[in-house]
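First the proteins, then the strands, lettered A, B, ... as listed; each starts at 1.
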There are 2 protein chains.
Amino acid sequence: MSPRDTEVTDQVTDVCPVRDLLDRIGSKWTVQVIEALAGRTLRFTELERAVDGVSRRVLVRTLRALERDGLLRRTVHPTVPVTVEYALTPLAAGLGGPLTALADWARTHRADMVSARRAYDAAAARPALSGDPA
Amino acid sequence: MSPRDTEVTDQVTDVCPVRDLLDRIGSKWTVQVIEALAGRTLRFTELERAVDGVSRRVLVRTLRALERDGLLRRTVHPTVPVTVEYALTPLAAGLGGPLTALADWARTHRADMVSARRAYDAAAARPALSGDPA
DNA sequence: CTGAATCCGGCATGATACTG
DNA sequence: CAGTATCATGCCGGATTCAG
């Protein structure tokens with residue numbers, strides 16, 4: 001009975017499209033894989049180098065999840081050592097827009113979030129004090 | 001040494017703004033909290049009801065994370081049973097745009113992803129078969 | 001009312017070794 | 001080359017209980 005485990009969010013349990021999508025792009029390497037494949041086709045090993053830092057196992061999981069959602073096309077070439085090519089589908093290309101918008105926002109407001117964090121952490125360090133000591 | 005644990009992604013370990021943001025909005029209830037607070041202020045209990053399904057603990061964590069990132073403003077009113085109000089900051093309001101774009105895409109292409117999954121899962125069920133058995 | 005403290009299961013990520 | 005198998009780890013999300 002298909003030993004496929006459920007890693008990298010393989011389920012459909014969810015009914016909210018937004019959460020569903022976020023489960024996908026929220027997983028650690030998904031966006032970087034999509035970026036790496038933007039406008040080009042890569043083989044498995046090339047992807048492994050392009051993403052850099054991802055473990056083989058997790059890369060496979062990420063690719064499977066993307067393929068399952070129709071965002072990625074996996075092509076096997078029956079050469080002697082088998083070669084496999086990965087490419088984004090038109091569906092994924094359409095996702096690129098909103099994703100880029102989000103990425104742009106993240107880069108633009110990075111500084112705001114960092115300073116907000118510093119302020120928050122600093123405040124947490126002095127629980128009950130109004131005047132700054134010395 | 002500050003017993004603050006690290007749940008709901010409190011760290012800054014990351015250097016990529018995009019992944020950083022995705023860690024935030026990727027956590028299970030964040031987007032729903034943001035939606036619930038869109039254009040209005042809510043108290044803790046009101047939020048608890050508005051989001052519906054979130055546990056108290058996780059809601060607190062989610063709110064803390066948002067506050068830490070400067071996306072949420074937390075106001076304590078020293079009434080007899082203390083009341084606390086939560087409201088989005090202008091920063092979060094700006095995030096609303098890209099977020100809505102992503103949500104729209106998710107809703108628009110939900111059907112594509114669902115059918116892609118069905119096809120994928122169906123294919124996985126019959127590993128080495130070309131003709132569909134009656 | 002608004003949390004904090006504690007305990008727990010489950011799953012994603014990762015390291016390592018093996019294979020067609 | 002492109003994975004699979006196995007083991008280990010961390011931590012998110014949830015339930016429950018206590019407190020200011």
Side-chain angles (χ1 to χ4, degrees), chain A residues 2-14 19 22-33 41-68 72 74-86 124 127-128, chain B residues 2-11 13-14 19 22-33 41-67 72 74-86 124 127-128:
Chain A
S2 69
R4 307 166 65 258
D5 59 39
T6 62
E7 287 183 285
V8 185
T9 319
D10 251 3
Q11 340 238 47
V12 228
T13 346
D14 210 84
R19 263 252 50 80
L22 285 174
D23 282 341
R24 218 58 40 170
I25 66 177
S27 79
K28 195 169 180 181
W29 303 96
T30 301
V31 173
Q32 291 182 58
V33 167
T41 295
L42 291 181
R43 310 224 323 246
F44 185 84
T45 308
E46 293 173 327
L47 260 174
E48 210 172 359
R49 279 193 298 266
V51 175
D52 184 70
V54 67
S55 75
R56 186 160 300 179
R57 197 183 106 101
V58 172
L59 178 57
V60 173
R61 297 295 189 190
T62 304
L63 293 171
R64 291 287 183 277
L66 284 171
E67 186 192 0
R68 189 171 104 105
L72 189 69
R74 177 174 175 270
T75 312
V76 181
H77 299 281
T79 56
V80 177
V82 49
T83 61
V84 181
E85 285 187 335
Y86 291 94
Chain B
S2 69
R4 308 169 62 259
D5 59 41
T6 63
E7 290 186 282
V8 186
T9 320
D10 251 3
Q11 340 238 46
T13 345
D14 211 84
R19 261 253 50 80
L22 285 174
D23 282 341
R24 217 59 39 169
I25 67 176
S27 78
K28 194 169 180 182
W29 303 97
T30 302
V31 172
Q32 292 183 57
V33 167
T41 295
L42 291 180
R43 310 228 321 254
F44 185 84
T45 309
E46 293 173 328
L47 260 175
E48 210 173 358
R49 279 193 299 265
V51 176
D52 183 71
V54 67
S55 76
R56 187 159 300 180
R57 195 183 107 101
V58 173
L59 179 56
V60 173
R61 296 295 189 188
T62 305
L63 293 171
R64 290 287 181 277
L66 285 171
E67 186 191 1
L72 190 69
R74 176 173 176 269
T75 312
V76 181
H77 298 281
T79 55
V80 178
V82 49
T83 61
V84 181
E85 286 188 335
Y86 291 94

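Side-chain N/O atoms of A/Arg64 include one lying less than 4.0 angstrom from OP1 or OP2 on D/dG3. OP1 or OP2 of C/dC1 has not a single side-chain nitrogen or oxygen of B/Tyr86 nearer than 4.0 Å. For the pair A/Trp29 and C/dG14, the criterion of a side-chain N or O lying under 4.0 Å from OP1 or OP2 is met.
Taking every heavy atom of residues 42-52 of chain A and every atom of DNA chain D, pairs under 4.0 Å involve A/Arg43, A/Phe44, A/Thr45, by number.
Interface remark: the A/Arg57 side chain does not form any donor-acceptor pair with the C/dT16 base, using a distance-only criterion of under 3.5 Å.
Regarding B/Leu22, its CG atom lies at a distance of 17 Å from the P atom of C/dA12, rounded to whole Å. Atoms NZ (B/Lys28) and C1' (C/dC11) sit 12 Å apart, rounded to a whole Å. Atom CZ of A/Arg74 and atom P of D/dC1 are 16 Å apart (whole Å). The distance from atom CG of A/Leu63 to atom C1' of D/dC1 is 14 Å, rounded to the nearest whole Å. Taking atom CG on A/Asp23 and atom P on C/dA12, their separation rounds to 9 Å, with Å as the unit. Taking atom CG on A/Leu59 and atom C1' on C/dA15, their separation rounds to 15 Å, with Å as the unit. Between B/His77 atom NE2 and C/dG3 atom P the separation is 12 Å, expressed in whole Å.
With DNA chain C read from its 5' end, the first of the two nearest nucleotides for A/Pro81 and A/Arg56 is the one closest to A/Arg56.
Proximity note for B/Ser27 (side chain, C-beta onward) versus C/dG20, C/dA15, D/dG13: the nearest is D/dG13. Ranking D/dG14, D/dG3, C/dA15 by closeness to the A/Val60 side chain, first place goes to D/dG3.
Remark: side-chain polar atoms of A/Arg19 are not paired, donor with acceptor, to backbone N or O of B/Val31 under 3.5 angstrom. Side-chain atoms of A/Glu46 come within 3.5 Å of backbone N or O of A/Arg43 as a donor-acceptor pair.
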